[in-house]
Structures are given as structure tokens and as C-alpha cells.
Amino acid sequence: MVVTLKSNIQERQLNDFIQWLNDQAIEAKIIRGVHTTILGLVGDTAQLDINLIRQVSIVEDVVRVQEPYKKANRKFHPLDTLAPVGPFSIGAGNFHVISGPCSVESEKQIETVAARVKAAGATLLRGGAFKPRTSPYSFQGLRAEGLDLLRHARRRTGMPIVTEIMNTSHIPLFEDVDVIQVGARNMQNFELLKELGHLDKPILLKRGLSNTVEELLMSAEYILAGGNEKVILCERGIRTFETATRNTLDLSAIPLIKRLSHLPVIVDPSHAAGLSWMVEPLSLAAVAAGADGLIIEVHNDPEHALSDGPQSLTPDQFDALMPKVKAMAQFMGRRIEE
């Protein structure tokens, strides 16, 4: 339920109204806009008499939120969310490119790639330390050592780091990771999402391979319900009948999510196609569709990469792509932080 308040109300009146709601086991979240103050009500709001609330002197209007996701809903939070990441903020018009290798393989590899992508304009460094793989015989990542190498690259470049978590037992290892990524396979790992909801840290939540937009928003709701409002959504392609590409990038999800939710949306064109030559057109299309940022995989030697080499750009290819991405972002009215 969303309650729009009248202008120029007294703080005492607001506090009294919120206390009345709390007495009925209803949580009230205050969203203050430039000209309007809104209360997002969470709990068993079905018990509330909507006409009774409309009669409260400070209330302008009341709307029931029918969708199952409440805190992720734009009706609940009409202003775009800004997710702070180090010195940067993702969302609400700010545009960022997250880049780096699929897997952290060595100190030389991650430092080489980090230096090149930063020079080209990327603001956050990605790299997998723990790698979920379809085959148990594939490279599974350097694990804790990979996290140490990411931290070292952060000290050398100043770039905040983004890396994927696999389960709740790893949370202590991620204490000083700037952005924790929840991969597609873990999008509905609800116990993990609940624990991440208790952290004061940005969470990058990727859409599952076969999940709907509503299911993605419901997964985000688990994190938001725990108190962590720093959620960033990621469209990374979904599984369809098409076999020519690794996945099918659902560009329509970008404007749809932005209509339904206040959370920032970034796009991963590398995993969407699985083919490096498709990364550029998909990146530009994603920016044109309204994405708040991109995740682009870059490897200094893709032919010998331990994971996902075919979808990785070389540093030189990334250098050539970034001016086009920036031009498109600026054309779309995005602010580019560097």
C-alpha cells in the first residue's frame, strides 16, 4: 500500500500517523521527494481499511500495490534508487561500465587487465574468484587467493571490485568486497538472499537463465526485505530455443523493469551472446534501451583463458568500444562518472 501525504504537514502529525500504523504491525517507509512525501506500507495491509486511511487529515491519496513485490516496486518508491559504490553511485542517471576477466587467473593477468580497462574508462573491476561451472572438471576459480588478487588490483588502480559469491559460508570472505554479485544460478537461492539482505553492501543480482522479470524482482525483494536497499539488477540473457548464441539478450526487460521498479538495471552482453563479436552491438543496444551500465568481460589473452574466452574482448577491442558506449550514454542523457 502506498500513501501520498499532503504538503506542509507537521512532523508531529507524521510521527503520530506512523505510530498508529506500527501499532497495527505495519511498517511505514518514508520516501521524501521535492514536492511530495510518500509512505510505503509493508505488512498485512489487507487488514487496513483504505477508506479509513483516506480520512486521516494528512493523507492525500492511498493506492494498494497489487504486485507481490512491494519494496522493489516503483509504486512504493517512485524515485530511482542510487546504489553507492565507493566514490561512485549507480542508477538515477549515472552510467558505469564494469569490466575485467571472467576469472581471476594470476596476479599478472588481473593487474594487466585492470590497468587497461581503467585507462579506457571502466570504473569498476570485475573478476571471478569463485566460479560456478556446468562441469565439475572445469576451472572453479582461485577462490580465496583470487579475492586477494582482486584486492591487490584495487590497491593498484583504485577501482572498486565486483565478484560473485556462491553460498552463505563465504560471506566473511567478502567483507571488504565492494559489490557482491549473485550469479544467475543463485538468483533463487533464498537463504543466500536473506543473508545478503542483512549486509550494508551493494548486491548485484543477475537474472536467472529461465526466470521471468517478476521472479527477478521477487528475488530482489528478499534482499530489500532484510534491510539492504543497495540492490542492482542485471539482465544477462535468458535461455530460449535459439542455439546460435549462448543466451538471448532480453532487451525488452530493461524498459519493463524500469517501469515496474526503482532499482538500477545493468546489462551483461558478454554472457548474453557468448561471442565476442556481438558484444559491441548488444552493448550499444542496451544503452539505447535505457541501461544504467554494462558488465563487459575483457581478457588479455582470450584464446588461453581458463573460462569464457570466446565471449571476452581483448584490451584493444575494449579500447575501441568505450568511446562508442560513452557517446551513446551521453546521447541518452546519462551522466558518466570517471
Looking at side-chain heavy atoms only, is the closest gap between Thr123 and Met159 below 4.5 Å?
no

Any side-chain heavy atom of Leu193 within less than 4.5 Å of one from Ser219?
yes

Lys201 NZ to Asn228 CG distance, which is reported to the nearest 0.5 Å
9.5 Å

Polar side chain donor-acceptor pair, Glu27 to Asn22, under 3.5 angstrom
no

Rounded to the nearest 0.5 Å, how far apart are CD of Glu214 and CD of Glu67?
8.0 Å

Please identify which of these residues, Asp61, Leu39, Ile30, meets the side-chain contact (heavy atoms from CB on, under 4.5 Å) condition with Leu5.
Leu39

Does a sphere of radius 6.0 Å around CG in Asp23 hold more than 12 heavy atoms from other residues, nucleotides or ligands, not counting ones at 6.0 Å or beyond?
yes

Would you say Asn189's side chain and Leu192's backbone share a donor-acceptor pair under 3.5 angstrom?
yes

Same cluster or not: are Ile232 and Leu216 linked, directly or through other Ile, Leu, Val, Met, Phe, Trp or Tyr residues, by side-chain heavy atoms under 4.5 angstrom apart?
no

Do you see a donor-acceptor pair shorter than 3.5 Å between the side chains of Asn167 and Ser169?
yes

Looking at side-chain heavy atoms only, is the closest gap between Phe95 and Gln330 below 4.5 Å?
no

Does Thr212 use its side chain to pair, donor to acceptor, with the backbone of Glu215 at less than 3.5 Å?
yes

Any donor and acceptor pair, going by atom type alone, linking the side chain of Gln317 with main-chain N or O of Leu313 inside 3.5 Å?
no

Closest contact, heavy atoms only, Cys102 versus Lys131
SG-NZ, 3.1 Å

Between Glu337 and Ser89, what is the shortest heavy-atom contact and its length?
OE1-N, 3.1 Å

Can a donor-acceptor pair be found, under 3.5 Å and without considering hydrogens, that links the side chain of Asn247 to the backbone of His271?
yes

From the list Ile336, Val85, Leu124, side-chain contact (heavy atoms from CB on, under 4.5 Å) partner of His96 resolves to Leu124

Under the side-chain hydrogen bond (donor to acceptor under 3.5 Å, both in side chains) test, residues paired with Arg143 that sit two or more places apart:
none

Is it the case that over 12 heavy atoms from other parts of the model lie below 6.0 angstrom from the CH2 atom of Trp277?
no

Heavy-atom donor-acceptor pair, Arg334 side chain to Gly290 backbone, under 3.5 Å:
yes

For the residue pair Arg207 and Val213, what are the closest heavy atoms and their distance?
NH2-N, 3.9 Å

When rounded to the nearest 0.5 angstrom, what distance separates CD in Gln66 from CG in Asn73?
10.5 Å

Closest approach of Lys70 to Val65 (non-hydrogen atoms, all atoms of both residues):
NZ-O, 2.6 Å

Residues His77 and Glu229: side-chain donor-acceptor under 3.5 angstrom:
no

Would you check if the side chain of Asp292 reaches a backbone N or O of Pro264 as a donor-acceptor pair within less than 3.5 Å?
no

Interatomic distance, Lys206 atom NZ to Leu233 atom CG [nearest 0.5 angstrom]:
13.0 Å

Do the charged groups of Glu60 and Lys6 touch, with an N to O distance under 4.0 Å?
no

Ile171 versus Glu195: any side-chain heavy-atom pair under 4.5 Å?
yes

If the condition is ring-ring contact (aromatic ring centres under 6.0 Å, His included), which residues does Phe318 pass it with, not counting sequence neighbours?
none

Would you please test Gln19 and Asn15 for side chain to side chain donor-acceptor pair (under 3.5 Å) and show each step?
CA-CA 6 Å; Gln19 184 58 57; Asn15 293 335; over 6 Å; no

Ile295 versus Pro269, closest heavy-atom pair with distance
O-CD, 3.2 Å

